[in-house]
**Q** 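The structure that follows is given in the form of structure tokens.
Residue numbers begin at 1 in each chain, while the letters A, B, ... track the order of the sequences. We use all heavy atoms of the structure for the numbers below, so side chains are in, but hydrogens, waters and symmetry mates are not.
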Amino acid sequence: MKGSLNLILQSHLPFVRHPEYSSFLEENWFFEAMDESYLPLLRAFDSLERDGVPFRMTISLSPTLLSMMSDEFLQERYVGHLKKMIALAKKELERVSDDEKFGPLAGMYHDLYTRNYEDFVKRYQHDVIGRFLKYEKSGHLELITTAATYAYLPLYESEPAVVKTQINAAVQLFESCFEHRPRGFWLPDMGYFPGLEKYLKNAGIAYFFTSAHGLLLGKDEASCGVFSSYKTPNGTYFFARDVDSGLVVPSYAAAPVYREFYRDIGFDLPFDYVRDYMPDKKNRVFTGIKYYAVTGSEDKNVYNIDAAQKQVREHAADFIKTVNLRFEKLSHQMSKEPVITAPFDTELFGHGWFEGVQWIEEVFRQSQKNDIFSWGVPTEYIARNRDAETVSPIFSSWGNKGFSEVWFHEKNDWVHKPIFQSIEMMKDFVFRFPNEGALKERILNQALREVLLMQASDWPFILYNATDVAYAESRIKGHVENFNRIYDNLCSNEIDAEWLIALTQRNNIFPLLDYRTFTDE
Amino acid sequence: MTKSDLLKLPRKKLAEIAEEFSLSLDDYDSKEEFIEDLFEAAAEETRESLKANNTVSQIRRSKFVFNSELSLILSKIESESCENSALFVNTFFKAILRDNQWVFVLWQISNVDSMNFRLNDHDYRLLIRVCECEAEGDALKLVDDFEIEVLATDSTHYINLPHQNRYYYMELFCVRDSSRIMLARTNTVFSPQLRFDNSSGFVNIDSLLISNKIYESVICPPPESDSSAQKIIRD
């Protein structure tokens, strides 16, 4: 073998859970990711394992995603969603059964949702996390974590309490799910600042990932470019992202024969027909059933399953060929084993790029007999290459323009002041209430939970991209309001127990959180 | 605040204070009667909070300190702008690096400083002193500084950093008449010098920079809208 390829899938969704409503549109983010990415990915693993095809990759499962996957309330709602989707797919199957183009597509969706139901309810008994653990135990996956609420950590360089809590709470939750501490850490949006490794090391983290420019534009020369691991001065290993892989894989998704994301029967069919499948029965939203191909023009072709499958095989072959060529070249340039680190958002596969999960499976199948490169995980590469060079990466991210511009825009920079105010107040709480018990301890823990939730980088990201602005604003403001009310409760020494219990039941993430740990020390 | 200060307040303001102390202004025939009870209620609350050792409560109540020296800080910070309603004991001033050319600063002037320096009348100026340093051994040596005037109502600002490979910290000053008081200092940030050495030939620099759109931030100045009118006062 001339090198190893680290495929990294970073899986994250913000914590969205609204038991106070009978249904909630944004909970669909989780349901759709389960429908199109996570359950199909687990099925791909099943299929590869069944056929004895070797596969290896690293998966970061964010604490918020894990919390939603393990939440009984959301699990029940997901089952309800699946039943509704099966009913809609069945209705569609009846509507277009005689149509030679649409009929097979309705069948495909009916099959997708039925299999999701069978797997989630009967095979996994709602325990998706257990399924990931199974594949970790079998040596196929290396599971890692990321910041507790996916806070963009360079924002909090001056706040050790925040960085420490975002890392430690994540490690604690990971450990409760997987019975061991994570070895690796996915920095949200690859946001790195010098010194971050100190917190990672304290939490027992052995390695993390940076952007390519975070490594290459710094003051130290990285003699192997992005094709090796490096050590920070404190001995924490890191891998830099391979830019070319990051460009080529998403480019596949734009192929004309692949399924078009934006043509959905939620908008294409008469409202009366789809009304019962809309969360509020009033407004159109995507259902997940989409019949058209990307095509490349306004006039969309009907999606053709066979053509898409053929394209998947061709793209898998192209990827392997490209990677082989690169490793051939690298093996002549480097005196040590080259590694290519290719990180992607998990939801690119399946949700963003419908055929993406099939592509992953196909890449593993086609590379079975490949003798140029092997699929690897960071821990193994580090074990084989302990003599990594010491390099200091620079402040960087994989966000637009490579630094923190995404989080400092006129559309979203208002969020920072209330967040930093809350951080100051929370530190003040810890100072003033060093050892509370009973209800006061509970309200202080909830205060910290609210502080962590308001730090989620998802909300300013949504504001920056102007997508679900109203919801993102409501989330930031909601957590600040909750924190303020806690403050008022503590000031008046009168805890509104009924409200507090309702709040702790609603925002029930990180049950083991201890407010006393929120200190700069 | 003295009784005579309170007497000067409009009825609406007094009603707000009454509500804070679970009193109703409507129950009183005169402002004087109400103010007598208000003082008693405030004293009682202070005793209660001391008994409960509830220091946060004590601080909260400090906004209703009735003496001749301090101003009455009445209103909560408006929640409309999604800010916290707390009373801040210490002024804080934070610097967050946006990229290697811009830093975002935010500050919160504490209620104590507001009282001490009488900042609630907005008859003052705020200055940010930007200090540029270079490393000298383990210490930082000040090599340059400049000042930026901001509005008294501002609490955030973008600052353009003149040089890379330098350390910066900022100081927040309140200026009234001829006096100048430093309220807070930020953390220190380091603006990295971006350099690329591809002598080993492993990476196509154009692909790297363009794909990350870093080229623009390295070479081109940031957009006009981000500069937020940096008014620099140089010595």
**Q** Please report the interatomic distance CG(D99(B)) to CD(E405(A)), rounded to the nearest 0.5 Å.
**A**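 Interatomic distance, D99(B) CG to E405(A) CD, rounded to 0.5 Å: 7.0 Å.
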**Q** Quick one: are N100(B) and I394(A) in side-chain contact, heavy atoms under 4.5 Å?
**A**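 A side-chain contact is absent here, since even the closest heavy-atom pair is not under 4.5 Å.
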**Q** How long is the gap from CH2 on W414(A) to OG on S155(B), to the nearest 0.5 Å?
**A** 13.0 Å
**Q** To the nearest 0.5 angstrom, please state how far the CZ atom of F408(A) sits from the OH atom of Y158(B).
**A** 6.5 Å
**Q** Given a strict heavy-atom distance threshold of 4.5 Å, which part of L155(A) is in contact with chain B: side chain, backbone, both, or neither?
**A**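 Its backbone and side chain both get close to chain B.
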**Q** Would you indicate whether F93(B), at its atom CZ, is surrounded by more than 12 heavy atoms from other residues, nucleotides or ligands within a distance under 6.0 Å?
**A**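 Yes.
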**Q** Nearest 0.5 angstrom please: I96(B) CD1 to S404(A) OG, how far?
**A** 9.0 Å
**Q** Any idea which heavy atoms bring L106(B) and H416(A) closest together, and the distance?
**A** CD2-CB, 3.7 Å
**Q** With a 4.5 angstrom heavy-atom cut-off, is it the side chain or the backbone of D413(A) that approaches chain B, or both, or neither?
**A**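 Answer is both: backbone and side chain atoms of D413(A) are under 4.5 Å from chain B.
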**Q** Can you confirm whether K198(A) is buried at NZ, in the sense that more than 12 heavy atoms of other residues, nucleotides or ligands lie under 6.0 Å from that atom?
**A** no
**Q** Run the numbers on Q108(B) and F420(A) for side chain to side chain contact (heavy atoms under 4.5 Å, CB included), then give the verdict.
**A** CA-CA 9 Å; Q108(B) 170 73 51; F420(A) 275 81; over 6 Å; no
**Q** Among residues at least two apart in sequence or on other chains, which ones pass salt bridge (charged side-chain N to carboxylate O under 4.0 Å, His left out) with D496(A)?
**A** R485(A)
**Q** Nearest 0.5 Å, what's the CG-OG distance between L194(B) and S396(A)?
**A**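 Going from the CG atom of L194(B) to the OG atom of S396(A) covers 9.5 Å.
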**Q** How long is the straight-line distance from CZ of F190(B) back to CD of E157(A), given to the nearest 0.5 Å?
**A** 11.0 Å
**Q** Any non-hydrogen side-chain atom of R98(B) less than 4.5 Å from a side-chain atom of W407(A)?
**A**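 R98(B) does not reach W407(A) side chain to side chain.
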**Q** Start with the C-alpha distance between Q421(A) and F92(B), add both sets of side-chain angles, then the distance that settles side chain to side chain contact (heavy atoms under 4.5 Å, CB included), and finish with yes or no.
**A** CA-CA 9 Å; Q421(A) 285 176 326; F92(B) 68 80; 3.9 Å; yes
**Q** Salt bridge check: are K94(B) and E424(A) linked by an N-O gap of less than 4.0 Å?
**A**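 Yes, this pair counts.
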